[in-house]
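Following: one structure in structure tokens, then a few remarks.
One-based numbering along the sequence shown. Just the heavy atoms: all of them, side chains too, but no hydrogens, waters or symmetry mates, feed the values below.
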Amino acid sequence: DVQLQASGGGSVQTGGSLRLSCAASGFSFDKYAIGWFRQAPGKERDRVACVSSKDGITWYADSVKGRFTISRDNAKNTVYLQMNSLKPEDTAVYYCAASNVNYVSSYLARITSYDYWGQGTLVTVSS
């Protein structure tokens with residue numbers, strides 16, 4: 001069975017840090033680009049960051065540039081999202097997703113471009 005297991009969420013104060021993990025199984029992980037999305041209550045699900053399948057090319061939303069870092073370890077079938085200098089507006093459920101493409105492009109901005117989704121992990125940042 002295909003699984004994407006997101007973990008690492010929690011509650012932190014403004015300026016704090018969290019590292020999210022997305023552990024994958026059941027598919028050829030190193031052939032998939034991975035994206036992190038987030039969805040705040042009453043809002044749409046938005047792409048936060050993504051990483052290509054093998055060469056480590058990354059993309060970030062302007063709102064998180066310089067604060068978040070996405071990385072992957074294909075040997076462990078895991079993608080990470082290091083989140084620093086967290087703000088209350090980062091509060092959301094964070095989802096990881098896998099897309100069967102090798103490259104990072106505007107194609108990965110669309111939710112429908114992803115083949116598999118994790119269950120989400122809640123991040124709460126208090127002021």
Side-chain angles (χ1 to χ4, degrees):
D1 291 349
V2 170
Q3 284 195 345
L4 284 173
Q5 184 74 33
S7 62
S11 296
V12 297
Q13 292 188 326
T14 297
S17 297
L18 286 172
R19 188 175 82 152
L20 306 184
S21 298
C22 175
S25 61
F27 63 99
S28 298
F29 180 75
D30 63 353
K31 292 182 171 56
Y32 284 69
I34 303 295
W36 281 100
F37 287 73
R38 66 185 181 187
Q39 188 167 20
K43 295 190 176 181
E44 294 185 349
R45 189 172 298 189
D46 293 325
R47 184 174 57 152
V48 173
C50 59
V51 61
S52 62
S53 59
K54 292 183 179 178
D55 57 10
I57 302 299
T58 58
W59 176 94
Y60 297 95
D62 287 343
S63 58
V64 306
K65 276 182 183 176
R67 300 188 298 123
F68 289 13
T69 302
I70 188 171
S71 61
R72 68 188 293 159
D73 184 341
N74 285 347
K76 295 182 178 180
N77 284 8
T78 302
V79 171
Y80 305 97
L81 185 68
Q82 178 67 44
M83 307 187 296
N84 298 329
S85 303
L86 284 162
K87 306 175 181 179
E89 51 263 44
D90 295 319
T91 295
V93 177
Y94 284 71
Y95 300 89
C96 58
S99 178
N100 191 11
V101 297
N102 295 323
Y103 50 86
V104 169
S105 73
S106 58
Y107 175 77
L108 293 179
R110 302 196 294 267
I111 290 175
T112 54
S113 298
Y114 292 82
D115 303 283
Y116 309 122
W117 287 84
Q119 85 290 0
T121 184
L122 176 63
V123 172
T124 303
V125 185
S126 58
S127 57

Side chain of Gln119, backbone of Gln5: donor and acceptor closer than 3.5 Å? no

Would you say the side chain of [Y] lies within less than 4.5 Å of the side chain of [X], judging by non-hydrogen atoms?
X: Lys54; Y: Asn102; result: no
X: Val123; Y: Leu20; result: yes
X: Tyr95; Y: Leu4; result: no
X: Val104; Y: Thr58; result: no
X: Tyr60; Y: Ile70; result: yes
X: Val125; Y: Thr14; result: yes
X: Val64; Y: Met83; result: no

Could you measure the distance from the [atom1] atom of [X] to the [atom2] atom of [Y]? Nearest 0.5 Å is fine.
X: Ser28; Y: Asn100; atom1: OG; atom2: CG; result: 8.5 Å
X: Leu122; Y: Ser11; atom1: CG; atom2: OG; result: 6.5 Å
X: Ile111; Y: Glu44; atom1: CD1; atom2: CD; result: 7.5 Å

Contact list for residues 69-88, test side-chain hydrogen bond (donor to acceptor under 3.5 Å, both in side chains), sequence neighbours left out: Ser17-Asn84, Arg72-Asn74, Gln82-Asn84

For [X] and [Y], work out which heavy atoms get closest and say how close.
X: Ser99; Y: Ser113; answer: OG-O, 2.8 Å
X: Cys22; Y: Trp36; answer: CB-CZ2, 3.6 Å
X: Val48; Y: Phe68; answer: CG1-CD2, 3.6 Å
X: Val93; Y: Gly120; answer: CG1-CA, 3.8 Å
X: Tyr103; Y: Ser105; answer: CE1-OG, 3.3 Å
X: Tyr114; Y: Gly35; answer: CE2-N, 3.8 Å

Establish whether Tyr94 and Trp117 are linked, either directly or via other cluster members, by ILVMFWY side-chain heavy-atom contacts under 4.5 Å. no

Cluster check Leu18, Val51: I/L/V/M/F/W/Y, side chain < 4.5 angstrom: yes

Heavy-atom count check: over 12 atoms from other residues, nucleotides or ligands less than 6.0 Å from Gln3 CD? no

When you look at CD of Gln13, are more than 12 heavy atoms from neighbouring residues, nucleotides or ligands closer to it than 6.0 Å? no

Working note: Asp115 + Tyr32, criterion side chain to side chain contact (heavy atoms under 4.5 Å, CB included); need CA distance, chi angles, decisive distance, verdict. CA-CA 9 Å; Asp115 303 283; Tyr32 284 69; 3.8 Å; yes

